[in-house]
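These notes concern the structure reproduced below.
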Protein chains: 2
Amino acid sequence: MARAALSRDAVVEIALGLVDDEGERGLTLSAVAGRAGVATPSLYKHVRNLAELRELVSIRIMNELADEAGAAVLGRSGDEAVRALMRSWRTYVVRHPRRYSAMLQVPHPGLAEAGSRLLGIVLAALRAYGLGDSGAIHAARCLRAAMHGFSVLEAEGAFGLPEKLDESYDLLIDMLTSGLGTD
Amino acid sequence: MARAALSRDAVVEIALGLVDDEGERGLTLSAVAGRAGVATPSLYKHVRNLAELRELVSIRIMNELADEAGAAVLGRSGDEAVRALMRSWRTYVVRHPRRYSAMLQVPHPGLAEAGSRLLGIVLAALRAYGLGDSGAIHAARCLRAAMHGFSVLEAEGAFGLPEKLDESYDLLIDMLTSGLGTD
DNA sequence: CTAGAAGGCTAATACCATTAGCCAACCGCG
DNA sequence: CGCGGTTGGCTAATGGTATTAGCCTTCTAG
């Protein structure tokens, strides 16, 4: 290889920083090149095009989220597991709101794989309820929808005051766990 | 006024058609101008810039959704109202997936107003539960988050097979209404 | 009938992604 | 040690986009 220089991963890393600092709209090839101290076309040696970079960023973010959610669920079961899953999910969003928003953009393929990893974690959290195969899928979809919806709305500032959001989320957790228990 | 010509509303209408046909990424000023049979800069006589057009489109869509949800809730109360609200919401999304996706983009101000209209409708659906002011807000946030999350995931094709999504959504409705009742 | 505004146009600018083609540096090999 | 190929940078050029400036026509109000 020639000059030590950039790598594919380094480009993705810079892109992530850009998303954190300026939001997903700030993710532009020339901005990445600027931060890397390189001319724009040089990036094409590491990344096929902007769409691929966006996809790589999304996948990276979804995997981060899955890592944290997976760790939270580990060693717990039942309501405890669901609670931990939901809390860790929201914690990630609160900590990295712009990343979470960026992950949503452009539902290209490739995200599907990372998505199914997340699904597996949600299913693991549900294991103790003894739902059938099909029931578990339905329940997982509901959990994911609820967590995702709350996250999107919070990350985009669609809720009014940020205070008391914790209470709202606790209520959502209670509604869902009680719904699961009495199913 | 000069030549009969375009109006602000007509421009928004064309933009909506574009969103329906090509998705939110197809909403470009030159595409709108093309459909209107006009040169691109002429649009600036009706709309301040692309950002404003996007905002107008989003508001229009959110109001459409609010109209349908409001009509669904009208004359019902309690679990029936919540069920009707949730069903009408998803019905809109299934009917206009691209519009719903487009509404999410760019959470500019101005959407807040249309959003509070929606909030009012959700609160109306919850009236019969006799929740306190604060409790109703929390419950409304949960409902909205759940509906929104499911809608986003469905509109983006994030769930696997489209079949049996009805069952999943019914489960979500049951979980939430039972959570509200036993609160 | 006339003045002015409304709404169209062309031309020009700036920014972006993307492609093509060139050049230098580094690597491994003999 | 040197040499060739690959790797990773560059500049130049293209095309699409939004946006601004300034002109010109046409309708309408008075």
Side-chain angles (χ1 to χ4, degrees), chain A residues 1-60 98 101-102 105-111, chain B residues 1-60 98 101-102 105-111:
Chain A
M1 304 114 191
R3 303 257 293 283
L6 279 179
S7 69
R8 188 180 177 83
D9 275 348
V11 170
V12 173
E13 203 61 41
I14 292 174
L16 266 177
L18 222 34
V19 166
D20 283 337
D21 294 347
E22 324 209 8
E24 149 266 337
R25 306 202 47 201
L27 177 47
T28 172
L29 284 183
S30 58
V32 171
R35 286 205 178 186
V38 122
T40 310
S42 306
L43 296 176
Y44 288 82
K45 291 292 164 74
H46 303 284
V47 147
R48 188 146 20 111
N49 51 30
L50 176 60
E52 191 193 55
L53 178 57
R54 286 217 188 93
E55 194 176 335
L56 291 173
V57 166
S58 295
I59 290 172
R60 172 86 145 254
R98 292 179 149 159
S101 292
Q105 309 305 120
V106 200
H108 266 307
L111 262 188
Chain B
M1 306 113 188
R3 305 255 293 281
L6 279 180
S7 69
R8 188 178 176 84
D9 275 350
V11 170
V12 173
E13 202 63 41
I14 290 173
L16 267 177
L18 223 32
V19 166
D20 283 337
D21 295 348
E22 324 209 7
E24 150 266 337
R25 305 203 46 200
L27 177 48
T28 172
L29 283 183
S30 59
V32 171
R35 285 205 180 187
V38 122
T40 309
S42 305
L43 297 175
Y44 287 82
K45 291 294 163 76
H46 303 285
V47 148
R48 188 147 20 114
N49 51 30
L50 176 61
E52 191 192 55
L53 178 57
R54 285 218 189 92
E55 195 177 334
L56 290 173
V57 166
S58 294
I59 291 172
R60 171 85 147 254
R98 291 178 149 162
S101 292
Q105 309 306 120
V106 200
H108 264 307
L111 261 190

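- B:Ser42 comes within 4.0 angstrom of a base, heavy atoms only.
- Rounded to whole Å, atom C1' of C:dC15 lies 13 Å from atom CZ of A:Arg25.
- Nearest approach of A:Tyr44 to A:Leu29, heavy atoms of both residues: OH-CD1, 3.2 Å.
- Distances shown here put a side-chain N or O of A:Ser30 below 4.0 Å from the OP1 or OP2 atom of C:dA17.
- For A:Leu50 and C:dT19, the CG to P distance is 12 Å, given to the nearest whole Å.
- Smallest separation of non-hydrogen atoms from A:Asp21 and A:Arg35: OD2-NH2, 2.9 Å.
- A:Leu29 places its CG atom 13 Å from the C1' atom of C:dT19, with the value rounded to the nearest Å.
- Computed from coordinates, the B:Tyr44 OH to C:dC9 C1' distance equals 15 Å when rounded to whole Å.
- We find that CG of B:Leu43 is positioned 13 Å from P of D:dT17, with the value rounded to whole Å.
- With rounding to whole Å, B:Lys45 atom NZ is found 14 Å from D:dT25 atom P.
- Among the heavy atoms of the strands lying under 4.0 Å from A:Thr40 is at least one base atom, whether or not backbone atoms are also near.
- In this structure, the side chains of A:His46 and A:Val38 stay at 4.5 Å or more apart for every pair of heavy atoms.
- Counting to the nearest Å, the P atom of C:dT19 and the CG atom of A:Asn49 are 7 Å from each other.
- Side-chain proximity of B:Pro41 to the nucleotides D:dG9, C:dT10, C:dT19 is greatest for C:dT10.
- To the nearest angstrom, P of D:dG9 lies 14 Å from CZ of A:Arg8.
- Note on A:His46: every side-chain N or O is 4.0 Å or more away from OP1 and OP2 of D:dT7.
- No side-chain heavy atom of B:Arg48 sits under 4.5 Å from any side-chain heavy atom of B:Glu55.
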